[in-house]
Visitor: 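Dropping a structure here in structure tokens format, bear with me for questions.
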Amino acid sequence: MSKKVRVRFAPSPTGGLHLGGVRTVLYNYLFAKKNNGDFILRIEDTDQARYVPGAEQYIFDCLKWAGLEPDESPLHGGEYGPYRQSERKEIYRQYAEQLIKDGQAYYAFDTPEELEKMRQDFKTEQNPSPQYDHSIRMKMRNSLTIPAEEIKKLLNTNTRYVIRIKMPEHETVSFTDMIRREVSFDTSVVDDKVLLKADGMPTYHLAVVVDDYLMKISHAFRGEEWLPSAPVHILLWKYLFGLNAMPQWAHLPLILGPNGKLSKRDGARYGFPVFAMNWTDPKTGELTEGFKEKGFLPEAFINLLALLGWNDGTEQEIFTKEELIGKFSIERVHSGGAKFDYEKAKWFNHEWIKRTEAGLLKSGVRNLVTAKGVIISEEALLEKVIDLVKDRCTFLTDFYDQSVFFFKTPEQYDLNAVKPKWNEAKQLFFTEVIRDFELNNDWKEAVLEKDFKEIAAANHIKPGDVLLPFRVMLVGGKFGPGVFDIAEIIGKKETINRIKKALDAFNN
RNA sequence: GGCCCGUUCGUCUAAGGGUUAGGACACCACCCUUUCACGGUGGUGAUACGAGUUCGAAUCUCGUACGGGCUACCA
């Protein structure tokens, strides 16, 4: 009888949520849904110095946009709350104290200055970053080196202290990672990590173990950057709750930018978004553009993230969320890091735009174009336009340029495409077209095309020579769907107006 | 420096002892075409290196190189 699947995503609210974070959410979510389990969001806000107002709400917003909402969270509630570690502060101390009682942890009174001095004093070429470990701890001020009487006195006088784990000297700690198989470490090379900070808050190391236990987490997925501290967590599980209760670990490969691990600070430096949604740093006011605002569809975003490090073994690349839930397996996740390829990301988005029905795209497109001052009179018309132009849109934001001319008369023309070959014959041709269109009482694309070509033939002009000018008259540039489709949609009066207006511009 | 993880086309990846090493993005060419796209066809392009095990290695083992991560009272 295996226990219920319960997984968690545990971000710290320190800023924007980047690609790697969302992918971790996604893998958690897919794994939970696939196994009829629960997906929990736990806020790891134990570092008061790094707390950023608004960052927590931002995370909720991103998950909502991506369609990856948790079953339990500070917002959604649940049986295992509170889901914010700052609100669980009192829970952690007893576990730290228990470790001390059992001899697996100790009090340390070293000040930050003393620690800094230690790092300087023991720094050598061989060992550029000395750690607070078994080789050093007996030279520091802690309950291993200070007599019990004095410790009691220090504690009673409210001297600041931290609680550190006492790493065993020569033990091999190993565990089976779901992605990497057997991984092992020698405990003598890992330091005596702080478990409980001087302000009474736990560090990540203590909190993650205690909370995963209390929240009955069955599988713990996190980024590969956590692998080196895994032995600390394994040992804490062993000391506190027993290895049998420990979740199964999976350390996800990193998503790399052009220069290594993607970091929050890198923001828009690469020329592509790294955050899910726009993020404004409350301190500096600096705005970093997100995938959402760049014009990505959430379906495309999770699709591309899912495939960054995972595949189902077939050649399928486009997956709906439901398909991903059905096919996802953590064992098929790659162990190697993946460099993010923005070109491929754009392709995913383009594919999703092409495949999404106009009706579903409508509200997003309407918001975008009306925000830029376009007035949409008819909903049905908008849908028709979307169908006509969506093949040409890589981003949702492209819909503006690709469809404004359906709603607004062009202000400017690509004259270079027309003027060099403009002549009197063409001028006459278009005045005849105007005359013909004015008499038209069957304003249909096919009829317009037929008339247009007949007039061209009568004037001994190749249709190809006047189609481009006609396009520029209606659109303003050399792009867009079929010209006669456009003419039909904008209507008789507007088409004639645009020809007349453009004729003026062309003749100047 | 130490420790850990990793290494198949430029990028994401398939192939878990026997394949002409497959696909996708990007790129190039051609076709379609009234523009721009879409679409179609084809092309360039990879097992880091060296040993071993084996009849046979991208695949297993070891070493080397390279890349990445960690080395805080941050997560």
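Quick note: numbers below take in every heavy atom, side chains included, and nothing from hydrogens, waters or symmetry partners. In what follows, chains carry the letters A, B, and so on, assigned in the order in which the sequence lines appear, proteins first and then strands, with residues in each chain numbered from 1.
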Visitor: Between B:A58 and B:U20, how far apart are the two C1' atoms, rounded to whole Å?
Guide: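 Roughly 16 Å separates the two C1' atoms.
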Visitor: Mind checking whether A:Y270 and A:Y342 have ring centres under 6.0 Å apart?
Guide: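 That pair fails the under 6.0 Å test.
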Visitor: Over how many whole Å does the gap from A:R392 atom CZ to B:U33 atom C1' extend?
Guide: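 These atoms are roughly 11 Å apart.
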Visitor: Is there a side-chain polar atom (N or O) of A:N311 under 4.0 Å from OP1 or OP2 of B:A14?
Guide: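 Answer yes for this pair, as a side-chain N or O of A:N311 is under 4.0 Å from OP1 or OP2.
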Visitor: Should the pair A:F506 and A:Y413 be assigned to parallel (<30°), tilted (30 to 60°) or perpendicular (>60°) ring geometry?
Guide: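 Ring orientation, 0 to 90° scale: perpendicular.
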Visitor: Take the protein atom CD1 of A:I179 and the nucleotide atom P of B:U13, then report the distance between them rounded to whole Å.
Guide: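 So the two atoms are 12 Å apart, to the nearest Å.
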Visitor: Expressed in whole Å, how much space separates the C1' atoms belonging to B:U33 and B:A14?
Guide: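 Comparing C1' positions in B:U33 and B:A14 gives a spacing of 36 Å.
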Visitor: Could you give the NZ-to-C1' distance, from A:K346 to B:C12, as a whole number of Å?
Guide: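 Atom NZ in A:K346 sits about 16 Å away from atom C1' in B:C12.
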Visitor: Roughly how far apart, to the nearest Å, are B:U59 and B:U8 at atom C1'?
Guide: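 Going atom to atom, C1' in each nucleotide, I get 11 Å.
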Visitor: Dump the intermediate steps for side chain to side chain contact (heavy atoms under 4.5 Å, CB included) on A:L195 and A:Y92, then the final yes or no.
Guide: CA-CA 9 Å; A:L195 265 18; A:Y92 307 104; over 6 Å; no
Visitor: Rounding to the closest angstrom, what is the interatomic distance between B:C49 and B:A57 at atom C1'?
Guide: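 Straight-line distance between the two C1' atoms is 15 Å.
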Visitor: Determine, for nucleotides 66-75 of chain B in 5'-to-3' order, which nucleotides have protein heavy atoms under 4.0 Å from the base (write B), from only the sugar-phosphate (write S), or from neither (write -).
Guide: --SBSB-BBB
Visitor: Report the residue from A:F296, A:F291, A:F340 that forms a ring pair (Phe, Tyr, Trp, His ring centres under 6.0 Å) with A:F272.
Guide: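 With A:F272 as partner, ring pair (Phe, Tyr, Trp, His ring centres under 6.0 Å) holds for just one option, A:F340.
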Visitor: Could you give the distance separating B:U54 and B:U7 at their C1' atoms, to the nearest angstrom?
Guide: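 Here B:U7 and B:U54 have their C1' atoms 24 Å from each other.
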Visitor: Quick one: classify the glycosidic conformation of B:C70 as syn or anti, with syn meaning within 90° of 0.
Guide: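 Because its glycosidic torsion lies more than 90° from 0, B:C70 adopts the anti conformation.
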Visitor: Sticking with atom P, work out how far B:A65 lies from B:C25, rounded to a whole angstrom.
Guide: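 These two P atoms come out 38 Å apart once rounded.
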Visitor: Using the C1' atom on both, measure B:U47 against B:A21 and round to a whole Å.
Guide: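 Pairwise C1' distance, B:U47 against B:A21, rounds to 8 Å.
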Visitor: Please state the C1' separation for the pair B:G67 and B:U35 - nearest whole angstrom.
Guide: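 B:G67 and B:U35 have their C1' atoms separated by 46 Å.
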